[in-house]
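Throughout, protein chains are lettered first and strands after them, A, B, ... in sequence-line order, and every chain is numbered starting at 1.
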2 protein chains.
Amino acid sequence: MSERGRPRSFDRASALHRAMEVFWAKGYEGASLSDLTAAMGINSPSLYAAFGSKEALFLEATDLYTRSEGTDIWSTLEEAPTAELAIEGFLTQTAKAYSQADRPQGCLIALGALHQDSTQGLICQDLRRRRAENQAALERRLERAVAEGELPADFDCRTAATFFATVQHGMSIQARDGATYAALMATAAGAMAAWATMAGVRA
Amino acid sequence: MSERGRPRSFDRASALHRAMEVFWAKGYEGASLSDLTAAMGINSPSLYAAFGSKEALFLEATDLYTRSEGTDIWSTLEEAPTAELAIEGFLTQTAKAYSQADRPQGCLIALGALHQDSTQGLICQDLRRRRAENQAALERRLERAVAEGELPADFDCRTAATFFATVQHGMSIQARDGATYAALMATAAGAMAAWATMAGVRA
DNA sequence: TCCTTTCTGTGTTGATCGATACATAATTCA
DNA sequence: TGAATTATGTATCGATCAACACAGAAAGGA
């Protein structure tokens, strides 16, 4: 049903994937429609017919990014047996994801649109919401560990979540500066040194 | 001498200061010439006569930024009596500087131009160089502490410097997301927890 | 077959981008 | 005073921006 009219001559999903890569590499305002249509292999009317606008395309691309690129990081966080392994895995997966040679370096959510502008307020707001949600996921994981008795009741989950989320954001900039996997792992090791103090030397 | 011709009708230094604020708030590509000339109170020919180009203006603005906004952070690092106080002061001053209400939040050097582009390769390169120099300053301070016998000889200065520089970069994004001074200090506290492990529990 | 619907490619829209041409105003030097 | 020099304001340059008008092409429904 609803397949009337001329069929689309390109694959919408793979075109969206290409668009995601362009936004990832160049950011929202840095990615021009010429860049996008060239990478997607279509003309601008097709882009607007299929996605609505540059803004809507970006929102859909970030959604795809969250679903396709962030899974390893966040599934490790949830599934690791202890909070320490969860944070360590979170940082290690981040280091790995941010330094993949065949992809843009760093994180689309962190770097996609940092400078609020009248034309991109909605974009900034959406990315900010996603960053806040990521930090909240960290905090929930730590609170779970407190509830399960793994961490002491006075463990400051919010401060720790803020800290680890901020380290991850910093790793995006570090990766953009060309940091290797090893360099990112050095940062991860530093953050885990903080964990030792936060959780270890207590009882 | 060399004061021939019609004198400039505006104060070059304060115009540069206004330009710095615009670049700081909007980034390099986000700051249009209209934004700049409006904030500087001049027309574009005056801008080009006085500064050469948008690119040259940005480079001069970042230089001013380094000289005027970064001084507290880096002087604390150098002058603190111990390495621990140096790092702690570095982080505290950063939290303070990044959350000033009357200024753009976060750091111009960290956020000014993250997406390399054909038109702004030189800008990215310059900011990258400045970030690397900041990290090198951290490393030198730690190496000094090792040389003075304050830290053990096997202290990994490079890893630590990488870690603290990355935390600072993350604080820029955190500040852009509206983090308060208290929230930034939570991150600073987390980073200092790492210091305790790195340097404290050793001998 | 004809009508409706949807997509595609060409070409273009008004706006804005960074950067200047040009004539005029204001100063120093001779 | 007149020549040389430098800055200013107006007005605009070609290029590019995001977005779309339009006509033709390709499908389904009757």
Going by the rule side chain to side chain donor-acceptor pair (under 3.5 Å), which residues pair with [X] if we only count those two or more places apart in sequence or in a different chain?
X         : value
Gln93(B)  : none
Gln135(A) : Thr162(A)
Glu133(B) : Arg140(B)
Asp126(B) : Arg129(B), Arg130(B)

Contacts of type salt bridge (charged side-chain N to carboxylate O under 4.0 Å, His left out), residue [X], not counting sequence neighbours:
X         : value
Arg131(A) : Asp177(B)
Arg158(A) : Glu139(A)
Glu148(B) : Arg144(B)

Residues 69-90 of chain B vs side-chain hydrogen bond (donor to acceptor under 3.5 Å, both in side chains), sequence neighbours excluded, gives Glu69(B)-Arg103(B)
In numerical order, the residues of residues 19-27 of chain B whose heavy atoms come under 4.0 Å of DNA chain C are none
What donor-acceptor contacts under 3.5 angstrom involve side-chain atoms of residues 36-44 of chain B, with partners at least two apart or in another chain?
residue, atom, partner, partner atom, Å
Thr37(B), OG1, Leu33(B), O, 2.9
Thr37(B), OG1, Ser34(B), O, 3.3

- Are Trp195(B) and Phe155(B) an aromatic pair by the rule of ring centers under 6.0 Å? yes
Distance check needed: dC7(C) C1' versus Phe51(A) CZ, whole Å only.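 It is 14 Å, rounded to the nearest whole Å.
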Taken to the nearest whole Å, CD/Glu3(B) to P/dA26(C) is 18 Å
Judged by nearest nucleotide, the residue sitting upstream toward the 5' end of DNA chain C, Ser53(B) or Gly41(A), is Gly41(A)
Pull out every protein N or O sitting under 3.5 Å from an N or O of nucleotides 4-7 of chain D, one pair per line with the distance.
residue, atom, partner, partner atom, Å
dT5(D), O4', Arg4(B), NH2, 3.3
dT6(D), O2, Arg6(B), N, 3.0
dA7(D), O4', Arg6(B), O, 3.1

Letter by letter from the 5' end, nucleotides 10-18 of chain C scores (B base, S sugar-phosphate only, - none; protein heavy atoms under 4.0 Å) B------SB
